[in-house]
Amino acid sequence: MLRSTLLAAARNQGARKLVESTPLTRPVVERFVAGDDVDAAIRATAEVLGDGRLVTLDHLGEDTFEESQANDTVEAYLTLLARLESYGLTNGAEVSVKLSAVGQSLPIDGEKIALENARRICSAAAVVGTTVTLDMEDHTTTDSTLGILRELRVDFPWVGAVLQAYLRRTEQDCRDLAYSGSRVRLCKGAYQEPASVAYQDKHDVDLSYVRCLKVLMEGDGYPMVASHDPRLIAIAADLASARSKDSYEFQMLYGIRPEEQRRIAAEGNRMRVYVPYGDEWYGYFMRRLAERPANVAFFVRSLLTKS
């Protein structure tokens with residue numbers, strides 16, 4: 001019930017105004033979001049890379065309904081990539097892109113515009129020597145996102161995909177994408193979805209995650225295990241025991257279990273941190289609260305203890 005309420009609030013403008021206007025929210029947001037601008041993103045990236053972890057950066061924004069906004073997002077990514085290169089950070093940092101932020105949701109030619117904008121970002125990433133991963137959003141965009149992925153991989157075969165284990169279709173999508181050179185991030189999923197397309201019970205989602213993970217680990221691609229669940233991380237490590245350490249990686253979100261992130265990296269594993277930045281933080285922040293009760297408790301505790 002709490003999760004459903006928070007996910008509904010993530011797209012409610014009234015709730016957004018309330019949360020964004022509460023002065024005590026900001027210190028809590030800073031746990032999950034690196035900052036408002038590219039300077040903050042670069043600082044956070046350097047810090048994470050400094051102790052052996054890797055980074056993927058997300059310029060926050062989604063549900064863009066004006067082409068000018070989509071263009072602004074593309075320019076933000078081009079600036080970010082140039083800054084990563086100038087600071088010598090591209091060996092350990094890539095970018096993650098939500099297609100809805102670069103035009104996918106536009107009412108006219110949205111998919112075409114998103115493809116061209118994503119292509120611009122991929123071209124810039126190739127020039128500076130890094131990669132791009134396409135974030136996955138709610139289930140209504142899955143086919144479009146995978147279609148754009150196929151188009152991009154013709155010229156940029158390293159473009160990463162994201163699959164969400166709570167969707168009933170994902171096990172088959174894993175089979176389709178478990179080929180040589182295919183980078184696939186497997187996460188549980190963080191959007192409110194109907195039972196017709198997504199598992200609703202946490203246990204069922206976990207079982208699906210393991211089934212999907214087995215498909216990816218037994219395939220020829222490059223699995224990216226995105227989970228904070230100790231049990232699923234242990235299962236992933238066991239499934240990957242026959243693989244070389246550079247043929248898969250673990251991923252976690254910025255601000256969640258940082259000590260565990262460092263422990264995984266210290267054991268010689270590739271550990272990538274998803275670092276979001278930008279002033280459009282509300283939807284991302286609410287989904288992080290919805291994912292784990294501990295995050296909500298942290299939020300409430302912070303509000304109650306601030307004067």
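Below, each value reflects all heavy atoms present in this structure, side chains not excepted, and no hydrogens, waters or symmetry copies. All residue numbers refer to positions in the sequence shown, counting from 1.
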Just checking, is any N or O donor in the side chain of [X] or [Y] under 3.5 Å from an acceptor N or O on the other one?
X: Ser96; Y: Arg185; result: yes
X: Asp206; Y: Tyr199; result: no
X: Tyr274; Y: Asp58; result: yes
X: Arg153; Y: Ser182; result: yes
X: Gln200; Y: Asp204; result: no
X: Glu85; Y: Thr130; result: no
X: Gln104; Y: Ser144; result: yes

Quiz item: Residues two or more places apart in sequence or in another chain: which of them pass side chain to side chain donor-acceptor pair (under 3.5 Å) with Ser105?
Solution: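 Scan of Ser105 (side chain to side chain donor-acceptor pair (under 3.5 Å), adjacent residues dropped) gives none.
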Taking [Y] as the starting point, is it possible to reach [X] by hopping between hydrophobic residues whose side chains are less than 4.5 Å apart?
X: Val162; Y: Tyr248; result: yes
X: Leu84; Y: Leu60; result: no
X: Leu239; Y: Met224; result: no

Quiz item: Is any side-chain N of the basic residue among Glu259 and Arg263 closer than 4.0 Å to the acidic one's carboxylate O?
Solution: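 Result for this pair is no, no salt bridge flagged.
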Quiz item: Between Arg175 and Asp173, is there a salt bridge with N-O shorter than 4.0 Å?
Solution: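 Answer for the salt bridge query: no.
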Quiz item: Does OH belonging to Tyr87 count more than 12 external heavy atoms closer than 6.0 Å?
Solution: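 Incorrect, the count does not exceed 12.
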Quiz item: Which heavy-atom pair separates Asp138 from Glu193 by the least distance, and what is that distance?
Solution: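 The pair with the smallest heavy-atom distance is CA-OE2, 3.2 Å.
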